[in-house]
Colleague: 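Below are the structure tokens for one structure; questions will follow.
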Amino acid sequence: MQVYLDNNATTMVDPAVVEAMQPYFSEIYGNPNSLHKFGTASHPALRNAINKVYTAINASDNDDIVFTSCATESNNWVLQSVWIDHIVNGDKNHIVTTEVEHPSVLATCKFLEEQGVKVTYLPVNSEGIVEAHTVKSFITEKTALVSVMWASNETGMIFPIKEIGQICKDKGVLFHSDGVQAVGKIPVDLQDVHVDFLSMSAHKFHGPKGIGALYIKDSQPLTPLMHGGAHMGGRRSGTLNVPYIVGMGKAIELATANIQETMAKIRAKRDRLEDALLELSDTFVVGERDHRTPNTILISIRGVEGEGMLWDLNNGQIGASTGSACASEDLEANTVMLAIGADNELAHTGIRLSLSRFTTDAEVDYVISHFKNAVARLRNISSSFAIQKPTKGGEVQECELHHH
Ligand code: C6P
């Protein structure tokens with residue numbers, strides 16, 4: 001058996017999505033901006049796909065949804081264009097974000113700092129989220145934008161987006177949320193929550209890689225990142241990727257139809273896996289499970305180096321990760337675990353397991369058994385665990401982590 005538990009890195013494209021995309025490669029392939037029938041033939045499918053995205057996040061007709069190449073582009077667009085529009089060409093000088101954002105936000109903020117922008121990286125609490133009152137206390141009259149992720153790719157923790165949105169609205173500050181790990185996994189209702197900009201990515205909800213979107217509330221102005229032939233109403237140039245847009249539409253429709261039912265099914269499997277792994281001594285999971293997306297576990301196993309564990313899991317045909325896929329090659333400690341106060345040794349023990357609606361009970365059983373054997377094997381050869389083995393109960397916890 002082989003088991004894929006790295007669905008926060010990317011997901012399998014649903015075969016129904018592949019089927020929906022198929023006609024738009026070699027049958028209906030015209031450029032949608034062309035006036036002839038080859039071009040206009042794709043218009044109904046494009047309209048259909050964009051409507052599905054509007055419906056999935058409950059956007060209103062006044063809002064804009066612009067397709068991009070990925071969420072990295074969407075995040076770059078918001079941050080760089082708010083800088084141009086409100087800092088370079090306005091009277092603001094400050095952006096507020098968090099220490100635990102995805103690198104596509106953090107690296108862009110670092111770039112903006114080099115251009116002279118003041119950036120505040122908010123600390124997170126012991127569950128790895130930023131509390132709304134913390135955001136409020138750092139907003140100044142010079143703040144142009146607050147950028148806070150909806151859910152963490154590493155822990156699955158859901159951030160208080162409704163409260164933060166209200167604070168930003170009251171203070172007249174723009175609010176961007178990286179919704180990549182929320183859309184398609186938990187309900188996202190933009191009539192219920194005030195968000196100016198929301199980034200999305202199709203490959204996180206069983207759509208293709210290389211297609212994302214940016215939601216723009218009330219179609220407000222935002223200088224384009226991609227200048228060119230004025231596609232998408234001049235907001236994002238570049239020939240529309242029709243098959244991928246169709247795929248994103250189909251994928252978001254499938255992910256959000258019956259989302260409560262889908263969430264309950266994934267959660268049941270996730271909780272069963274988590275309960276079984278927590279039977280191992282000196283293990284803990286970051287964040288209360290009710291506060292997380294239903295598919296994610298970031299588990300720490302004292303004395304077991306994350307990379308060693310990944311290697312062992314991989315030998316057992318199980319795909320997991322130590323955290324964000326784009327940070328997984330550097331062998332650094334897990335940044336989110338460091339941000340919540342884990343010591344360096346503990347921050348090297350994190351394993352992210354992320355399920356999907358395609359994960360089966362038999363796969364969960366297989367992972368439980370292989371995981372437990374792997375931990376036993378690795379702890380046997382771990383010098384650090386041998387030294388700490390006598391500890392019982394919670395005293396190995398140097399930091400305020402949720403201990404089981
Ligand atoms: N996170 C992970 O292993 P792209 O691929 O550009 O569409 O999405 C980037 C991105 C942005 N925001 C969040 C919260 C994300 O999780 C990701 C992708 C993967 O966690 C790959 S690094």
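Read the numbers this way: they start at 1 and go in the same order the structure lists the ligands and their atoms. These figures come from a predicted structure and were not determined experimentally.
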Colleague: Look at ligand 1 and say whether Glu73 reaches it with a heavy atom at a distance under 4.0 Å.
Modeller: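 No, that is not the case, since the closest heavy atom of the residue is not under 4.0 Å from the ligand.
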Colleague: So which of Glu101, His102, Lys209 gets nearest to atom 9 (C) of ligand 1, if we judge by its closest heavy atom?
Modeller: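 Looking at heavy atoms only, His102 sits closest to atom 9 (C) of ligand 1.
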Colleague: Take Thr55 and Lys52, measure what side-chain contact (heavy atoms from CB on, under 4.5 Å) needs, and give me the verdict at the end.
Modeller: CA-CA 5 Å; Thr55 305; Lys52 288 182 199 299; 5.7 Å; no
Colleague: For Asn344, what residues pass the side chain to side chain contact (heavy atoms under 4.5 Å, CB included) criterion, not counting sequence neighbours?
Modeller: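 Checked Asn344 against side chain to side chain contact (heavy atoms under 4.5 Å, CB included); matches are Ala333, Leu338, His348.
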Colleague: Once ring-ring contact (aromatic ring centres under 6.0 Å, His included) is applied, do any residues pair with Tyr29, and if so which ones, sequence neighbours excluded?
Modeller: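 Per chain and number, Tyr29 pairs via ring-ring contact (aromatic ring centres under 6.0 Å, His included) with no residue.
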Colleague: Pick one of side chain, backbone, both or neither for how Thr72 approaches ligand 1, counting any non-hydrogen atom pair under 4.0 Å.
Modeller: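 Both backbone and side chain of Thr72 come within 4.0 Å of ligand 1.
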Colleague: Please identify which atoms of ligand 1 are closer than 4.0 Å to at least one heavy atom of Gln181.
Modeller: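 Heavy-atom distances to Gln181 below 4.0 Å select 14 (C), 15 (C), 16 (O).
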Colleague: Side chain, backbone, both or neither: which applies to Arg352 and ligand 1 if a contact is any heavy-atom pair less than 4.0 Å apart?
Modeller: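 Arg352 to ligand 1: side-chain contact only, backbone stays beyond 4.0 Å.
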Colleague: Would you please classify the geometry between the Phe38 ring and the His36 ring as parallel, tilted or perpendicular, with 30° and 60° separating the classes?
Modeller: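 Judged by the thresholds at 30° and 60°, the geometry between His36 and Phe38 is perpendicular.
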Colleague: Which distance, rounded to the nearest 0.5 Å, do you find between the CG of Asp6 and the CD1 of Ile318?
Modeller: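 So the CG of Asp6 and the CD1 of Ile318 are separated by 12.5 Å.
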Colleague: Out of Thr10, Thr68, Asn153, Asp178, whose heavy atom is nearest to atom 13 (C) of ligand 1?
Modeller: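 Going through Thr10, Thr68, Asn153, Asp178 one by one, Asp178 has the nearest heavy atom to atom 13 (C) of ligand 1.
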Colleague: I'd like to check whether His203 has a polar contact with ligand 1, where a contact means an N/O of the residue lying under 3.5 Å from an N/O of the ligand.
Modeller: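 Such a contact does occur with ligand 1.
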Colleague: Can we say Arg236 and Asp64 salt-bridge, meaning some charged N sits less than 4.0 Å from an Asp/Glu carboxylate O?
Modeller: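 Asp64 and Arg236: not salt-bridged.
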Colleague: Hey, which atoms in ligand 1 end up nearer than 4.0 Å to a heavy atom of Cys70?
Modeller: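 Within the 4.0 Å cut-off of Cys70, ligand 1 contributes 4 (P), 6 (O), 7 (O).
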Colleague: Within a distance under 4.0 Å of any heavy atom of Ser201, pick out the atoms of ligand 1 and give their elements.
Modeller: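 Answer for ligand 1: 4 (P), 7 (O).
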Colleague: List every atom of ligand 1 that sits less than 4.0 Å from any heavy atom of Asn8, numbering the atoms from 1 in the order shown and giving each element.
Modeller: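 Those of ligand 1 that fall under 4.0 Å from Asn8 are 2 (C), 3 (O), 19 (C), 20 (O).
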Colleague: Side chains of Thr143 and His94: donor-acceptor distance under 3.5 Å anywhere?
Modeller: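 Short answer, yes.
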Colleague: Measuring from atom OG1 of Thr11 to atom NZ of Lys209, what distance do you get when rounded to the nearest 0.5 angstrom?
Modeller: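 One gets 6.5 Å once the value is rounded to the nearest 0.5 Å.
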Colleague: So is Ser104 close enough to ligand 1, meaning a heavy atom under 4.0 angstrom away?
Modeller: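 It does, in that a heavy atom of Ser104 comes within the 4.0 Å cut-off of ligand 1.
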Colleague: If you count the atoms of ligand 1 from 1 in the order shown, which ones are under 4.0 Å from a heavy atom of Ala71?
Modeller: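 Per the distance check, 4 (P), 6 (O), 7 (O), 8 (O).
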